[in-house]
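All values reported here derive from a predicted model rather than from experimental measurement.
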Amino acid sequence: WAGGKGPMVLTANVTVKPGAALTIEPGCVVQFVQGARLVVEGALIARGTADSPIRFTSVLTKDATPFDGEGILFADSSTDERCALEHCVVEYQRVGVACAASSPTLRQCVLARNGNAGLLATDGAEPRIEDACRIESNDFAGLQAEGAHMSVRRCLILRNGGEGIRLANKAKGTIEGCRIQGNGRAGIACDNMASPTIQGNDVASNQGDGIACNRFSQPVIQGNVLRDNRGTGIRATLDSAATITGNLIEGNQDHPMILERSDGVIKGNTLVRNRPYGLNCAKSASPTIEGNWIEGNGGAGIICGEASAPTITRNAILGQAKAISNTGTLTVQAKDNYFGDVGAAAMAGLIFDKHNEPLLGEVIWAPRLTAPPPRPPVPTLDLPPLP
């Protein structure tokens, strides 16, 4: 399909059959009427340029809305190595790009103003979204993986109505070097046994949590900056044993971290200037908390709730009204932590446990460190520029 010769109007489903290839040239405009879809069972090569992108859009030139078309579907028979979108804009579709057991590559594309998702990948799909793709202003999720393996590198996930990225139903993959900002719910949501690696991202100013993990999810969350989110920096619930290492968690409005019925490893993170408290082991949460710097979060630095008995060691817990608060009935091991240059008498004021309320459990805080442990380094991020 050539560019510069007027739009290609899809009035119904158009299918690229197995063994066939459709090439779309720079500058081409493809318009969808309501209900129309481009189905790729063979190959689709759509390589625009920065000056002459390819646009997949609504047939309505005025008052276009999400759900005007059905978008692009890469079927399970599509030829992965020949399916590529570069410098393409996909907008005003129910789902911008859908991947069914297929693995297209998207580079420097814009998926915007779509309805259910900018991109949806289902069981067996392995799409690659990379090189400064912009996933923005979609009504619900920006990117969604259901049982798929999604690779997202150096992309912009901005101002989507729901989650910026949602992974569910054993979804895996890598989310690396992205800006995930201003989304209507969580920046990244992992649900129902999702286990991605999330590293080196800036997750900021989302209306929900920075990263939310639920129902047996086991993500690896390392080297990210999670800041200024309206919810929690990281939330793990219902047996989500996350590995959380080397992150900067700053300025979030509903705790830097909440664990509920979840264990895991929390190591080498910096938790500063969050509200209203620090790390909250809310219910039946007994993670390993080691080598973190917890300072100035208001209230207690670490809260141990009912049936929670985390192992707390070699952390710096500073600038808090209480360093550790045990509101449950179990004994909490908290030896070899640094609480600042305070005397033994002042330590009693930094710990809340059975010595304050006889029915509570005890915090074993002695011996304690007399000098601070090394402060974790601030993550170094390699991010794409904002538009």
Quiz question: by atom type and distance under 3.5 Å, do the side chains of [X] and [Y] form a donor-acceptor pair?
X	Y	value
Asn114	Glu91	no
Ser284	Arg261	no
Arg275	Gln253	no
Asn326	Glu362	no
His87	Gln108	yes
Gln34	Asp68	no

Is there a path of hydrophobic side-chain contacts, each under 4.5 Å between heavy atoms of I, L, V, M, F, W or Y residues, that connects [X] with [Y]?
X	Y	answer
Ile302	Met347	yes
Leu22	Ile72	yes
Val33	Met8	no
Leu119	Ile54	yes
Val30	Val110	no

May I ask you to test the [X]-[Y] pair for a side-chain heavy-atom distance under 4.5 Å?
X	Y	value
Arg47	Pro26	no
Ile221	Thr243	no
Ile312	Val332	yes
Pro18	Glu41	yes
Gln181	Leu386	yes

Atom pair [atom1]/[atom2] of [X] and [Y] - distance to nearest 0.5 Å:
X	Y	atom1	atom2	result
Thr105	Glu81	OG1	CD	10.0 Å
Lys170	Gln218	NZ	CD	12.0 Å
Arg215	Asp191	CZ	CG	4.0 Å
Glu290	Lys267	CD	NZ	4.5 Å
Ile211	Ser217	CD1	OG	11.5 Å
Asn13	Leu73	CG	CG	9.0 Å

Is the number of heavy atoms from other residues, nucleotides or ligands under 6.0 Å of [X] [atom1] greater than 12?
X	atom1	answer
Lys322	NZ	yes
Arg154	CZ	yes
Arg368	CZ	yes

Only one of [options] passes side-chain contact (heavy atoms from CB on, under 4.5 Å) with [X]; say which it is.
X	options	result
Ser205	Leu158, Asp228, Asn229	Asp228
Pro219	Ser240, Ser195, Pro196	Pro196
Leu111	Asn160, Val95, Val97	Val97

Donor-acceptor pair, [X] side chain versus [Y] backbone, under 3.5 Å?
X	Y	answer
Asn169	Gly147	no
Asp353	Gly361	no
Asn201	Ile175	yes
Ser262	Leu259	no
Asn252	Thr232	no
Asn183	Gln207	no
Ser52	Thr49	no
Asp209	Arg235	no
Ser151	Arg128	no
Gln222	Ile198	no

Note: [X]-[Y] ion pair, threshold 4.0 Å (strictly below):
X	Y	value
Arg227	Asp202	yes
Arg153	Asp131	no
Arg314	Asp336	no
Glu250	Arg273	yes
Arg134	Glu136	yes

Over all heavy atoms of both residues, which pair between [X] and [Y] is shortest? Give the atoms and the distance, please.
X	Y	value
Ile45	Arg82	CG1-O, 3.3 Å
Ala282	Ser308	C-OG, 4.1 Å
Gly246	Pro379	O-CG, 3.3 Å

Given Thr270, Asn269, Asn247, Thr313, the one that forms side chain to side chain donor-acceptor pair (under 3.5 Å) with Asn292: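 Among the candidates, only Asn269 passes.
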
Whether Phe339 and Trp365 hold their rings parallel, tilted or perpendicular, with breakpoints at 30° and 60°: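 Correct class here is perpendicular.
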
Candidate pair Ile165 and Ile157, rule side chain to side chain contact (heavy atoms under 4.5 Å, CB included), full reasoning: CA-CA 8 Å; Ile165 302 175; Ile157 319 295; 4.2 Å; yes

Cation-pi check, Arg113 onto Tyr92 ring (under 6.0 Å, within 45° of axis):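 The answer is yes; both the distance and angle limits are met.
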
